[in-house]
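Shown next, in structure tokens, is the structure this report addresses.
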Amino acid sequence: MRDVSWSFIILSCTSFLIVAINAIVCVFVVTNIRLRTYTNGFLVSLAVSDILTGGLFFPVHLSGPDSPVASSEGYLIAFVLISGVGNICLVTWDRYIAVVKTVYVQENSEVPL
């Protein structure tokens, strides 16, 4: 039997919380029609990426170097991190466009504010 350390317990609990909280976010957006916006679609994509982190990456990492899946850990790290960073970039770009578009419309409107 493997020696269970505090770091194993903390990472296991963190993994569970990551999956549970992000699953709740996905369920809220899918079930509530008012939350189905373009931006929230990006946030659901980010939540799915976080679910991959908590549900795939952490368990593979916790399985140890002697497990059969340890050889694919590098590929998994690359996939999960690139998807997370890509989603954050898309959310940031979407918010940037929303702000710039609003400022442009306000500057070019003929009605004084």
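- If you take CZ on Phe16 and CG on Leu11, they are separated by 15.5 Å, rounding to the nearest 0.5 Å.
- Side-chain contact check for Ser45 versus Leu90: every heavy-atom pair is 4.5 Å or farther apart.
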**Message:** Please evaluate residues Ile88 and Leu46 with respect to the criterion side-chain contact (heavy atoms from CB on, under 4.5 Å), reporting the C-alpha separation (whole Å), side-chain torsions for both, the decisive distance (0.1 Å), and the verdict.
**Reply:** CA-CA 7 Å; Ile88 290 172; Leu46 182 60; 3.9 Å; yes

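- For the residue pair Ser7/Ser5, the side-chain donor-acceptor check at 3.5 Å is satisfied.
- Atoms CG and CZ, from Leu35 and Phe28 in turn, are 9.0 Å apart once rounded to the nearest 0.5 Å.
- Rounded to the nearest 0.5 Å, atoms OG1 (Thr102) and CD1 (Ile97) are 10.5 Å apart.
- The two atoms that bring Ile51 and Cys26 nearest to each other are CD1-SG, 4.3 Å, heavy atoms only.
- In this structure, OG on Ser67 lies 8.0 Å from CD on Glu73, to the nearest 0.5 angstrom.
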**Prompt:** Would Leu52 and Phe79 satisfy side-chain contact (heavy atoms from CB on, under 4.5 Å), going step by step from the backbone distance to the final call?
**Reply:** CA-CA 9 Å; Leu52 287 174; Phe79 175 74; 3.7 Å; yes

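- In this pair, Tyr38 and Phe42 present their aromatic rings perpendicular. The plane angle is above 60°, beyond the 30 to 60° band.
- Gly54 and Pro59 get closest at one heavy-atom pair: O-CD, 3.4 Å.
- Both Leu62 and Ile18 are members of a single hydrophobic cluster when ILVMFWY side chains are connected at heavy-atom separations under 4.5 Å.
- Taking CG of Asn87 as the reference point, atom OG of Ser49 lies at 5.0 Å (rounded to 0.5 Å).
- The side-chain heavy atoms of Leu43 and Val25, taken from C-beta on, include no pair separated by under 4.5 Å.
- Arg36 and Val29 make their closest contact through CG-O, 3.3 Å (heavy atoms, listed as atom of the first residue, atom of the second, distance).
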